[in-house]
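Below you'll find the structure, written out as structure tokens, and then a few comments.
Labels below follow one simple rule: chain letters A, B, ... track the order of the sequence lines, proteins then strands, and each chain is numbered from 1. Model, not experiment: these values are computed from the prediction.
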Number of protein chains: 2
Amino acid sequence: MTRIAAKTPSDDVDGDAGALDVGRLQEHVGYALRRAQLAVFQDFIQTMEKVALRPAQYSVLLVMDTHPGLKQTEIAALLGIKRTNFVALVDELEQRGLAERAPSPTDRRSNALYLTKAGKALLARAEKTVTEHEQRLIGLIGVEGKRQLLGLLSKLAELG
Amino acid sequence: MTRIAAKTPSDDVDGDAGALDVGRLQEHVGYALRRAQLAVFQDFIQTMEKVALRPAQYSVLLVMDTHPGLKQTEIAALLGIKRTNFVALVDELEQRGLAERAPSPTDRRSNALYLTKAGKALLARAEKTVTEHEQRLIGLIGVEGKRQLLGLLSKLAELG
DNA sequence: TATTGTTATACTCTATAACTATA
DNA sequence: TATAGTTATAGAGTATAACAATA
């Protein structure tokens with residue numbers, strides 16, 4: 001029944017929604033999380049085009065740097081990636097010469113994963129541009145805001 | 001080089017990662033957002049199984065209730081859904097008798113969308129269970145935490 | 001010409017089943 | 001028997017191109 005206020009005339013692209021609001025959805029944590037995650041990832045992905053790394057690839061390189069020699073399954077589990085989907089991901093990193101599968105000395109079934117020299121170099125470049133990305137976020141919410149946010153998000157992540 | 005502390009013996013499922021940490025990834029807002037969003041959505045989806053609604057369907061019903069008579073394109077844009085992907089979504093809601101496409105009196109190209117009586121009833125049930133879900137989240141971060149979180153997330157969403 | 005709804009299509013992520021070689 | 005890596009496959013979600021009807 002209630003007719004809505006106005007519709008902006010410049011309604012060209014799909015992304016714009018004019019003066020309309022999403023109503024009670026605004027109070028839902030899940031909805032706010034999704035919108036923020038979309039915006040932040042979009043900026044992150046754009047940032048990482050410079051080094052041609054997708055978010056998952058970047059996270060894998062970083063973990064390989066932090067924990068050299070882990071098995072595929074261990075890294076996959078650590079990042080919440082199914083080990084079946086992890087295969088192609090490692091394939092690509094290996095084909096690009098960024099990482100390598102080495103035979104595990106203790107278990108001939110498993111691959112120990114290591115960064116190559118090129119992988120370490122690219123990761124260093126990647127982390128530098130990621131810092132710029134994080135600085136943009138801090139520009140929006142402040143250093144204290146980021147600290148608060150990380151605390152709140154880690155508590156929510158305990159739900160899983 | 002650095003050998004890692006220990007691997008939990010009970011390493012049954014993919015989801016567990018033992019005592020390992022993700023290193024510098026921990027400080028990335030995008031990573032924290034993704035993990036929290038995954039956990040919260042998982043709880044939300046499970047909650048909504050009772051009314052057989054996926055997140056997108058729920059958000060559409062809610063917007064249709066807040067703004068009755070909007071065109072398909074308007075609702076799609078408001079929720080960041082491509083209008084081409086919105087067609088099947090509305091199809092399903094209509095086939096389930098929850099929503100209806102009415103001819104717009106002013107523009108014969110467009111459909112005005114309305115909730116049916118059944119749609120309003122299901123939405124009411126859905127919102128009640130969503131309240132329980134939100135209460136679980138508040139149990140983790142508190143009312144004040146939720147208020148802070150929504151403020152921070154809406155600032156980050158401005159990036160898009 | 002531009003817009004609304006639509007179909008067809010493709011690409012990424014994610015999820016499950018089943019195989020092999022090792023343990 | 002169980003686990004590590006692998007393949008094949010299927011399902012969501014999301015993206016673009018093109019068309020008919022209407023503006």
One pair to check against side-chain contact (heavy atoms from CB on, under 4.5 Å): A/Arg125 and A/Thr129. What are the steps and the verdict? CA-CA 7 Å; A/Arg125 281 184 57 208; A/Thr129 73; 5.7 Å; no
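- Taking atom CG on A/Leu89 and atom P on D/dT7, their separation rounds to 14 Å, with Å as the unit.
- Taking atom CZ of B/Phe86 as the reference point, atom P of D/dT14 lies 13 Å away to the nearest angstrom.
- One finds a side-chain N or O of B/Arg101 lying less than 4.0 angstrom from the OP1 or OP2 phosphate oxygen of C/dT6.
- For D/dG5, the base has a donor-acceptor partner in the side chain of A/Arg83 [N/O atoms by modelled type, under 3.5 angstrom].
- Straight-line distance from the CD1 atom of A/Ile81 to the C1' atom of D/dG5: 15 Å, rounded to whole Å.
- Along DNA chain C, the nucleotide closest to A/Thr106 and the one closest to A/Arg54 are compared, and the more 5′ of them pairs with A/Arg54.
- Phosphate proximity of C/dT3 to B/Thr73: absent, as no side-chain N or O sits under 4.0 Å from OP1 or OP2.
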side-chain contact (heavy atoms from CB on, under 4.5 Å) assessment of B/Leu25 paired with A/Leu79: CA-CA 10 Å; B/Leu25 211 49; A/Leu79 292 171; 3.7 Å; yes
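- The base of D/dT16 sits with one of its N or O atoms less than 3.5 Å from a complementary donor or acceptor on the side chain of B/Thr84.
- Atom CD in A/Gln37 sits roughly 12 Å away from atom P in C/dC13 (whole-Å rounding).
- Whole-Å rounding puts the B/Phe41 CZ to C/dC13 P distance at 18 Å.
- One interatomic measurement links the two molecules: CG of A/Asn111 to P of C/dA21, which rounds to 15 Å at whole-angstrom precision.
- Residue order along DNA chain C, read from the 5' end via each residue's closest nucleotide, puts B/Val87 first among B/Val87 and A/Arg108.
- Between B/Arg109 and B/Pro55, the one whose closest nucleotide on DNA chain D sits nearer the 5' end is B/Pro55.
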Do any side-chain atoms of residues 54-63 of chain A form donor-acceptor pairs under 3.5 angstrom with protein atoms, and if so which ones, sequence neighbours left out?
| residue | atom | partner | partner atom | Å |
| --- | --- | --- | --- | --- |
| A/Arg54 | NH2 | A/Glu92 | OE1 | 2.8 |
| A/Arg54 | NH2 | A/Glu92 | OE2 | 3.4 |
| A/Gln57 | OE1 | A/Arg54 | N | 2.9 |
| A/Gln57 | NE2 | A/Glu92 | OE2 | 3.3 |
| A/Tyr58 | OH | B/His28 | NE2 | 2.8 |
| A/Ser59 | OG | A/Ala56 | O | 2.7 |

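- Rounded to a whole Å, the NZ atom of A/Lys82 is 17 Å from the P atom of C/dA18.
- Annotation: side chain of B/Leu113 is not in contact with side chain of B/Lys71 (no heavy-atom distance under 4.5 Å).
- Where A/Asp91 and B/Asp107 each meet DNA chain D at their nearest nucleotide, the meeting point lying more 5' is that of A/Asp91.
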Less than 3.5 Å apart, which donor and acceptor atoms pair up between the side chains of residues 142-151 of chain A and the rest of the protein, not counting sequence neighbours?
| residue | atom | partner | partner atom | Å |
| --- | --- | --- | --- | --- |
| A/Glu144 | OE1 | A/Arg147 | NE | 3.1 |
| A/Glu144 | OE2 | A/Arg147 | NH2 | 2.8 |
| A/Lys146 | NZ | A/Glu134 | OE1 | 3.0 |
| A/Lys146 | NZ | B/Glu27 | O | 3.1 |

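- As judged by a 4.0 angstrom heavy-atom cut-off over every strand, A/Asn85 is placed among the base-contacting residues.
- The distance from atom CD of A/Gln57 to atom P of C/dC13 is 8 Å, rounded to the nearest whole Å.
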